[in-house]
Amino acid sequence: MKHILIKDITKTIKFLDQDLVIKQLTVKGVKELQKGLDTETTVDAIKTLATIFRATVVGAESMKDEDFEAFPIEPLTKLSNDILEFNGLGAGDDKGNKLGK
């Protein structure tokens with residue numbers, strides 16, 4: 001399968017009435033993201049969201065944790081769910097139903 005060309009997979013979604021491009025992570029990218037999340041010493045939802053966004057939102061790579069505190073929580077939570085679902089990490093049961101909806 002080495003002959004298969006790997007391309008970035010992106011999707012444009014709305015966030016605060018603006019277009020935002022998110023990307024799918026590779027298996028390696030998911031492992032790196034998980035490793036980064038595992039090294040956090042405190043459970044902080046905003047830091048976790050910031051880590052995920054920097055890894056998946058085009059243009060957010062250099063944002064600081066504090067930058068995310070200016071966003072309203074509901075759109076931020078929806079964006080987080082959209083990112084996780086797009087990356088195959090959305091919460092669901094074994095029948096394909098979404099959880100928490």
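Computed from a predicted structure; not experimentally measured.
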(Q) So Ile22 and Phe53, do their side chains get closer than 4.5 Å, heavy atoms only? (A)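 The answer is no; the side chains never approach within 4.5 Å.
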
Q. Can you name the nearest heavy-atom pair linking Phe86 to Thr10, along with the distance?
A.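 Heavy atoms of Phe86 and Thr10 come nearest at CZ-C, 3.8 Å.
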
Q: Grab the two heavy atoms, one from Lys23 and one from Asn87, that are nearest each other, plus how far apart they are.
A: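 Nearest heavy atoms, Lys23 then Asn87: O-ND2, 3.4 Å.
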
Q. Can you tell me if Glu61 uses its side chain to pair, donor with acceptor, with the backbone of Gly59 under 3.5 Å?
A.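 The answer is yes, because a donor-acceptor pair under 3.5 Å joins these two groups.
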
Q. Between CD of Glu74 and CG of Leu79, what distance do you get to the nearest 0.5 Å?
A.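 So the gap between those two atoms works out to 11.0 Å.
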
Q. Going from CD1 on Ile83 to NZ on Lys78, what distance comes out if it is rounded to the nearest 0.5 angstrom?
A.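 Interatomic distance, Ile83 CD1 to Lys78 NZ, rounded to 0.5 Å: 10.5 Å.
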
Q: Output all residues satisfying side-chain contact (heavy atoms from CB on, under 4.5 Å) with Thr12, sequence neighbours left out; order by chain, then residue number.
A: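 Scan of Thr12 (side-chain contact (heavy atoms from CB on, under 4.5 Å), adjacent residues dropped) gives Asp19, Val21.
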
**Q.** Test side-chain contact (heavy atoms from CB on, under 4.5 Å) applied to Lys7 - qualifying residues, sequence neighbours left out
**A.**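 Lys7 satisfies side-chain contact (heavy atoms from CB on, under 4.5 Å) with Leu5 once adjacent residues are dropped.
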
Side-chain donor-acceptor pairs of residues 64-72 under 3.5 Å, sequence neighbours excluded:
| from | atom 1 | to | atom 2 | distance (Å) |
| --- | --- | --- | --- | --- |
| Asp65 | OD1 | Arg54 | NH1 | 3.1 |
| Asp65 | OD1 | Arg54 | NH2 | 3.0 |
| Asp67 | OD2 | Lys64 | N | 2.8 |

Q: Spell out, yes or no, whether Val58 and Leu16 are grouped together once hydrophobic residues are joined by side-chain heavy atoms under 4.5 Å, including indirect joins.
A: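 No, it is not one cluster - the side chains of Val58 and Leu16 are not joined through contacts under 4.5 Å.
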
